[in-house]
Structures are given as structure tokens and as C-alpha cells.
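Values below: every heavy atom of this structure, side chains too, minus hydrogens, waters and symmetry copies. Numbering starts at 1 and runs along the sequence shown.
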Amino acid sequence: MKQRILALLLITLSLPVVACQPDFSPRSQTETHTTAGSSDTSEPAQEFALPALDGGEVRLSSLRGQWVLVNFWATWCAPCREEMPYLDRLSMQYAGRLAVLAVNMRERAQTVAEFAEAYDLHLPVLLEPDDPTLLAYDVRGLPTSYLIDPEGNIVSRRAGPITPEWLENVTFFQR
């Protein structure tokens with residue numbers, strides 16, 4: 001009986017740690033691609049308006065007319081930390097054509113600000129996504145990213161770190 005209780009306790013204590021870590025097995029690195037402009041194969045991106053680290057607010061619909069990469073991340077997430085400089089470079093390299101939004105997962109603004117300063121980030125860092133936004137974007141692990149076309153449709157989703165190879169295979173980089 002004591003062994004069963006101990007085993008259940010160990011499993012229970014490990015759940016939060018396991019739940020916070022994305023599973024990077026090939027099965028979990030799900031990515032979906034659709035053809036931009038094809039309304040029967042893409043779905044509209046869920047609207048959101050989130051406070052920005054710089055004090056403003058970013059509304060997804062205000063970015064219509066350009067591609068948008070929405071990346072859900074956290075400072076404690078090792079793959080997120082590794083990909084953030086790449087995302088920042090993308091944001092600067094494709095400014096005006098691609099908006100990269102780094103949506104932080106409910107950490108204190110001070111923690112996020114210290115991270116952004118340490119990494120010298122220039123891309124918009126958004127804070128405090130609400131539950132409907134997280135559910136609409138099916139955020140189950142970090143990082144999770146979505147590529148949205150200029151018409152506001154999701155054309156690709158990636159669970160796991162962003163790679164140059166992934167982005168080169170989507171419509172944005174083929175034009």
C-alpha cells in the first residue's frame with residue numbers, strides 16, 4: 001500500500017514538470033501547411049488584442065496585409081530561448097512583409113523585460129494571453145508557432161522550435 005501511495009505521489013509531483021515541457025518526438029512536432037488564399041484548406045486566425053511589453057497593444061487584425069508569425073513562448077523554456085534570436089532576426093530582415101509576435105506565457109512583465117533586454121530583442125513581445133486565445137491556438141507545449149497569411153488565415157502551425165527549413169517550405173518564402 002505504501003509503495004502505491006509513493007508511486008502515485010511521484011507521478012503527481014512529476015506531472016507539472018512534464019506538462020510544461022514540450023514533447024519533441026517526431027509525432028509531436030506537428031506542422032500543418034495549407035495553400036495561402038485557399039479558403040477551403042485554411043482557417044481564419046482567431047483575433048486577439050494583447051498588451052505589449054513596451055506599453056502598447058497589438059491587435060492581430062491590425063496586421064492584415066502582411067504575413068504574421070505568432071510564437072507562443074516562455075523565458076524558462078530552453079527551446080524558446082534558443083529560437084528567440086532567430087525570430088528577432090526574421091522580424092528585422094522581413095520588416096514590413098512579416099510581423100513576428102512573441103506571445104509570452106503569463107510570466108511577470110519584469111521577468112520578460114529582463115529577458116528581452118538580455119537578448120536585445122526588437123520584435124514585439126506580447127503579454128498575458130487569455131484562455132480563449134490559448135484554446136483557439138491550441139497551445140499545449142512551448143514553443144508553438146503559427147504562420148498567418150496577409151488575408152488573416154492560418155497557413156502553417158508548428159509545435160516545437162522554429163527552424164529555417166520549416167519557414168522555407170511555406171508559401172511566404174516561396175514567393
Side-chain angles (χ1 to χ4, degrees), residues 15-24 28-31 45-150 152 154-170 172-173:
L15 281 177
V17 174
V18 173
C20 293
Q21 301 298 319
D23 174 10
F24 292 118
S28 77
Q29 281 195 344
T30 55
E31 48 186 82
Q46 178 71 35
E47 171 69 313
F48 60 76
L50 297 173
L53 185 60
D54 67 6
E57 180 182 83
V58 174
R59 183 173 294 279
L60 181 61
S61 59
S62 72
L63 300 170
R64 288 272 165 81
Q66 62 182 311
W67 289 85
V68 180
L69 178 61
V70 179
N71 176 262
F72 294 92
W73 70 287
T75 63
W76 49 261
C77 165
C80 301
R81 289 192 309 267
E82 290 173 16
E83 75 178 350
M84 198 55 66
Y86 175 65
L87 294 176
D88 196 52
R89 283 192 308 275
L90 278 176
S91 176
M92 291 184 288
Q93 181 179 357
Y94 294 101
R97 190 166 167 222
L98 172 69
V100 180
L101 304 177
V103 181
N104 181 267
M105 294 301 297
R106 299 180 173 161
E107 293 181 275
R108 292 178 339 144
Q110 180 179 348
T111 301
V112 179
E114 289 169 359
F115 177 91
E117 184 177 335
Y119 280 72
D120 192 29
L121 297 180
H122 301 93
L123 74 164
V125 176
L126 308 182
L127 306 169
E128 303 172 19
D130 57 14
D131 289 336
T133 299
L134 297 177
L135 288 170
Y137 284 90
D138 196 25
V139 178
R140 296 180 188 197
L142 299 176
T144 297
S145 300
Y146 285 85
L147 187 64
I148 301 168
D149 71 15
I154 296 171
V155 296
S156 192
R157 175 189 189 275
R158 173 128 175 127
I162 294 289
T163 64
E165 297 78 21
W166 175 71
L167 285 174
E168 290 167 4
N169 288 321
V170 295
F172 169 73
F173 288 92

Shortest non-hydrogen separation from [X] to [Y] and the atoms involved:
| X | Y | answer |
| --- | --- | --- |
| Ser61 | Glu47 | OG-OE2, 2.6 Å |
| Phe72 | Met105 | CD2-SD, 4.1 Å |
| Glu83 | Pro143 | OE2-CB, 3.0 Å |
| Ala113 | Leu53 | CA-CD2, 3.8 Å |

Worked verdict on Val112 versus Trp73 for side chain to side chain contact (heavy atoms under 4.5 Å, CB included): CA-CA 11 Å; Val112 179; Trp73 70 287; 4.2 Å; yes
Side chain of Arg158, backbone of Pro161: donor and acceptor closer than 3.5 Å? yes
Is the backbone N or O of Ala49 less than 3.5 Å from a side-chain atom of Glu57, with the two atoms forming a donor-acceptor pair by type?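 Not confirmed, Glu57 side chain does not pair with Ala49 backbone.
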From [X] atom [atom1] to [Y] atom [atom2], the distance as rounded to the nearest 0.5 Å:
| X | Y | atom1 | atom2 | value |
| --- | --- | --- | --- | --- |
| Leu63 | Leu69 | CG | CG | 11.5 Å |
| Ile162 | Thr144 | CD1 | OG1 | 9.5 Å |
| Asp149 | Arg64 | CG | CZ | 9.0 Å |
| Cys80 | Asn71 | SG | CG | 6.5 Å |
| Ser145 | Leu101 | OG | CG | 10.5 Å |

Of Ile148, Val155, Val100, the residue whose pairing with Trp67 passes side-chain contact (heavy atoms from CB on, under 4.5 Å): Val155
Begin from the C-alpha positions of Leu87 and Leu121 and carry the test side chain to side chain contact (heavy atoms under 4.5 Å, CB included) through to its verdict. CA-CA 9 Å; Leu87 294 176; Leu121 297 180; over 6 Å; no
Result block: side-chain N/O donor-acceptor pairs under 3.5 angstrom for residues 122-132, not counting sequence neighbours:
| from | atom 1 | to | atom 2 | distance (Å) |
| --- | --- | --- | --- | --- |
| His122 | ND1 | Asp88 | OD2 | 3.3 |
| His122 | ND1 | Asp120 | O | 3.2 |
| Asp130 | OD1 | Thr133 | N | 2.9 |
| Asp130 | OD1 | Thr133 | OG1 | 2.5 |
| Asp131 | OD1 | Arg106 | NH1 | 3.3 |
| Asp131 | OD1 | Arg106 | NH2 | 2.5 |

Relative to the ring of Tyr137, is the ring of Tyr146 parallel (under 30°), tilted (30 to 60°) or perpendicular (over 60°)? perpendicular
Apply the test side chain to side chain contact (heavy atoms under 4.5 Å, CB included) to residues Tyr119 and Arg81: give CA-CA distance (whole Å), side-chain angles for both, the deciding distance (0.1 Å), then the verdict. CA-CA 9 Å; Tyr119 280 72; Arg81 289 192 309 267; 3.6 Å; yes
Any salt bridge (Lys or Arg N to Asp or Glu O under 4.0 Å) pairs touching residues 107-116, not counting sequence neighbours?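 Applying salt bridge (Lys or Arg N to Asp or Glu O under 4.0 Å) to every pair that reaches into residues 107-116, excluding sequence neighbours, yields nothing.
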